[in-house]
Amino acid sequence: MDDLIKQAAGDLAAACNVVALTGAGISTESGIPPFRGKGGLWEKFDPMEIAHIDAFMKDPARVWNLLVKEMKAIVDTARPNDGHKGLAKLEQMGKLKTVITQNIDGLHQAAGNTDVIEFHGNFAWQRCMDCSQKYETRQVDISQIPPRCRCGGILRPDAVFFGEMIPQDAMWRSKQAASDCDLMLVVGTSAVVQPAALMPLFAKETGAKIIEINPEETPLTVEVSDYLIKGRAGEVMNQILQELKPAI
Ligand code: NAD
Ligand code: ZN
């Protein structure tokens, strides 16, 4: 592990255009449970069932009660951890240009990253299903479920459910950032949700180095990643930054 930390610091020191692809794992140290992996929401519910747009359309109250209410309570109070802060420091050092995140929790922006592509939208806003009026999630009154718009329409997260399209702009910009980078950090994603998991392939195709940070192997580990640093995002980022400082 120590050797891999040194290698990552060396690779980052040599890189000019770093992009990070992040997933739910980077936010677990902020108290937000992932969908997969140990302690994931997946162990409690079938994600494809409850986080699917069909489930929401069929029974919005059920999805609000089982998923959205819980996410709201957690995301309203979550703070960035050392994983997010480490990526913000890499941007301050002029290394990291863009974060492509599958997360909807807004923690990369809270940590200070300025170019964050939210591949699956974000949870900061709820949107009326009838008139599209948006409401800040923090201010939505959930004493009645599902919460409703002034017009009477049902509110839904302004994020992407399974079964929905990726916002076109996020898709296009992510592909571009992945193809342009010379090093991609893949942090805390199980790399099974498509098309987000294609981004490391686009990066690899154009010659970028791929470094994974995750306590567990993923489908990328053997075929796509140059190496996997097995560990928690916050701890690994701190160690890399410690090594990197004297190197640049
Ligand atoms: P995932 O839940 O499928 O996988 C989480 C991954 O993170 C696993 O590979 C796990 O081994 C790893 N992990 C766990 N703890 C870690 C840590 N401390 N450091 C580094 N890695 C760690 O996540 P996904 O690939 O992002 O896919 C899930 C989908 O669910 C995404 O599309 C996302 O939009 C959504 N989601 C978002 C949040 C959030 O916004 N924080 C939370 C849950 C789910
Ligand atoms: Zn409305």
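Numbering of ligands and ligand atoms starts at 1, following listing order.
- Protein nitrogen, oxygen and sulfur atoms, that is N, O or S, within less than 2.8 Å of the Zn ion (ligand 2) amount to 4.
- Of the possible donor and acceptor atoms, none in the side chain of Y135 sits under 3.5 Å from a partner among the backbone N and O of D141.
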Return all side-chain donor-acceptor pairs below 3.5 angstrom for residues 196-206, not counting sequence neighbours, or 'none' if the list is empty.
from	atom 1	to	atom 2	distance (Å)
K204	NZ	V224	O	3.0
T206	OG1	S179	O	2.9
T206	OG1	F202	O	3.3
T206	OG1	A203	O	3.1

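- Atoms CZ and CD, from F162 and E49 in turn, are 12.5 Å apart once rounded to the nearest 0.5 Å.
- Distances from atom 17 (C) of ligand 1 to the heavy atoms of S190, G231, G25, A196 put G25 nearest.
- I100 is not connected to F123 by any chain of hydrophobic side-chain contacts under 4.5 Å among Ile, Leu, Val, Met, Phe, Trp and Tyr, and they are in different clusters.
- Proximity of D105 to ligand 1, defined as any heavy-atom pair under 4.0 Å, is shared by backbone and side chain alike.
- Below 4.0 Å from some heavy atom of P34 lie the following atoms of ligand 1, by number and element: 2 (O), 5 (C).
- The pair D11-K209 meets the salt-bridge criterion, with a side-chain N (NZ, NE, NH1 or NH2) lying under 4.0 Å from an Asp/Glu carboxylate O.
- Within the 4.0 Å heavy-atom criterion, the part of P33 lying near ligand 1 is the backbone and not the side chain.
- Close approach of ligand 1 to P215 (heavy-atom distance below 4.0 Å) involves ligand atoms 13 (N), 16 (C), 20 (C), 21 (N), 22 (C).
- Here the NZ atom belonging to K89 is positioned 8.0 Å from the CE atom belonging to M93, to the nearest 0.5 angstrom.
- The part of H120 lying near ligand 1 is the side chain, judged by heavy-atom distances below 4.0 Å.
- Evaluation of the side-chain hydrogen bond (donor to acceptor under 3.5 Å, both in side chains) test over residues 146-172, restricted to residues two or more places apart or in two chains, returns R127-D158, K134-D158, R156-E164.
- The cluster map of Ile, Leu, Val, Met, Phe, Trp and Tyr, joined by side-chain heavy atoms under 4.5 Å apart, puts I32 and I104 in the same cluster.
- Close contacts of ligand 1 with G188, meaning ligand atoms under 4.0 Å from a residue heavy atom, involve 5 (C), 6 (C), 7 (O), 20 (C), 21 (N).
- The shortest separation from a heavy atom of I26 to ligand 1 is not under 4.0 Å, leaving the residue out of contact.
- The same ILVMFWY cluster, assembled from side-chain heavy atoms under 4.5 Å apart, contains both L244 and V99.
- Residues satisfying the side chain to side chain contact (heavy atoms under 4.5 Å, CB included) test with P147, not counting sequence neighbours, are W64, V140, I142, I145, L155.
- Under 4.0 angstrom from ligand 1, the non-hydrogen atoms of I32 all belong to its side chain.
- Between the side chain of N214 and the backbone N or O of I229 there is no donor-acceptor pair closer than 3.5 Å.
- Residue contacts with ligand 1, taken as heavy atom pairs separated by less than 4.0 Å, involve N103 via backbone and side-chain atoms alike.
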